[in-house]
Amino acid sequence: MRLSVIEALCEPSAVHNEDAWGRSGQAVWVLDGATGIVDRPHLSGPTDAAWFAGRMNTELVEALAGAGDIGAALNRAVDAVRHAAASLCDLDTLPNFELPCASFTLARAVGETTLEFANLGDCRLAWRMGQGPVATFGTSGVTELDARMERLVADNLARGLTPEEVGAAAKALAREHRKLINIPGGYWILDMSGAGVPHLQLEVLQAGEPMDILLMSDGYSRLVDVFGRYDYDSLLAAVLNRGLAPLYAELRAIEASDPECRTFARNKTRDDATAVLLRFA
């Protein structure tokens, strides 16, 4: 069996896309750059998160070209990205939480019947073998922080704060959350220090039947996790039946119908959205 890309979608929430997806041989991945918390970028892209996701995406193509250890490949890509960033700014003078980071999820075929999954951060991976139930892979400390953010937004709206005041409070909390990057008691994620890589979540599956796999940034999985329009069983079924684009249109329609986040409390009205549908057969 081989791992094939059936369909892919990677769309920005506004002008700049801080998501990316890529493939190298029998590996396919999604990156979700975390929106920066500083007022000006330190690097050369439109945003630091866009630069980091794009550069990491490029480096992963070479790093994952072989069949070696995924963590070692990530470290090679991180080293290359850090070297490139060091030519643009003095990394040693900047606190780690001001530098860009990204969530990462991957599926890779090894041989005829073996699949590897990897996760670092809060991207989503849903899969189904044959006609069996849908399972998900990957967890992150970011999930609880997002829930805390949603409670803050909902509480402040209920208190009658203006959208501008709600946004300012959310930005302040986001800054505090970012200080928890890659430390015990915080959350593990991909950044230029590489400190999160040893905490990479891995799973190996033996596929007795063809498999459908959906890789997503959390901007696309909002359809489940934020808006509750689907669960992961019905989301994968809908993608297989209708394709990624109609569900993306549904996602944007929900976001547009709730511009002040009053029905669905969230930090961003819209988010970059990426999804890649794979078939292992």
Please walk me through it: do Asp32 and Tyr220 pass side chain to side chain donor-acceptor pair (under 3.5 Å)? CA-CA 11 Å; Asp32 180 358; Tyr220 198 92; over 6 Å; no
So, does [X] use its side chain to make a donor-acceptor pair with the main chain of [Y] at under 3.5 Å?
X: Asp191; Y: Leu99; result: no
X: Asp272; Y: Asn17; result: no
X: Ser4; Y: Ile6; result: no
X: Gln201; Y: Thr139; result: yes

Does any non-hydrogen side-chain atom of [Y] lie less than 4.5 Å from one of [X]?
X: Leu205; Y: Thr114; result: no
X: Trp29; Y: Cys123; result: no
X: Asp218; Y: Ser103; result: no
X: Arg82; Y: Arg55; result: no
X: Arg108; Y: Val110; result: yes
X: Glu150; Y: Val226; result: yes
X: Asn57; Y: Trp21; result: no
X: Met211; Y: Arg279; result: no

Could you give me the CA-CA distance, side-chain angles and deciding distance for Leu94 and Asp90, then say whether side-chain contact (heavy atoms from CB on, under 4.5 Å) is met? CA-CA 7 Å; Leu94 297 172; Asp90 187 351; over 6 Å; no
When you look at Glu209 and Phe280, which way does the side-chain contact (heavy atoms from CB on, under 4.5 Å) test go after all the steps? CA-CA 9 Å; Glu209 300 179 75; Phe280 187 49; over 6 Å; no
After noting the C-alpha distance and the side-chain angles of Lys268 and Asp271, does the key distance pass the salt bridge (charged side-chain N to carboxylate O under 4.0 Å, His left out) rule? CA-CA 6 Å; Lys268 302 176 184 176; Asp271 197 4; 3.4 Å; yes
NE2 (His83) with more than 12 external heavy atoms under 6.0 Å: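 Not more than 12 within 6.0 Å, no.
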Could you tell me whether Glu62 atom CD has more than 12 heavy atoms of other residues or ligands within 6.0 Å of it?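 Counting neighbours around CD of Glu62, 12 or fewer heavy atoms of other residues, nucleotides or ligands fall under 6.0 Å, so no.
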Taking atom types as modelled, is there a side-chain donor on [X] or [Y] under 3.5 Å from an acceptor on the other?
X: Thr143; Y: Asp122; value: no
X: Glu11; Y: Thr274; value: no
X: Asp146; Y: Asn267; value: no

side-chain contact (heavy atoms from CB on, under 4.5 Å) evaluation trace for Arg229 with Val224: CA-CA 6 Å; Arg229 185 62 60 95; Val224 176; over 6 Å; no
Audit row: Asp233, Arg128, salt bridge (charged side-chain N to carboxylate O under 4.0 Å, His left out) steps and yes/no: CA-CA 9 Å; Asp233 286 89; Arg128 181 183 73 181; over 6 Å; no
Evaluate salt bridge (charged side-chain N to carboxylate O under 4.0 Å, His left out) for Glu112 paired with Arg2, printing each intermediate quantity in order. CA-CA 7 Å; Glu112 292 295 319; Arg2 291 188 61 80; over 6 Å; no
I'd like to know whether Leu214 forms a side-chain contact (heavy atoms from CB on, under 4.5 Å) with Leu278, so could you lay out the CA-CA distance, the side-chain angles of the two residues, the decisive distance to 0.1 Å, and finally the verdict. CA-CA 6 Å; Leu214 183 60; Leu278 307 173; over 6 Å; no
Steps toward salt bridge (charged side-chain N to carboxylate O under 4.0 Å, His left out) verdict (Glu144, Arg151): CA-CA 11 Å; Glu144 174 53 36; Arg151 291 192 295 270; 3.2 Å; yes
May I ask you to decide if the ring planes of His199 and Trp188 are parallel, tilted or perpendicular, using 30° and 60° as cut-offs?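 Parallel, since the angle between the ring planes stays under 30°.
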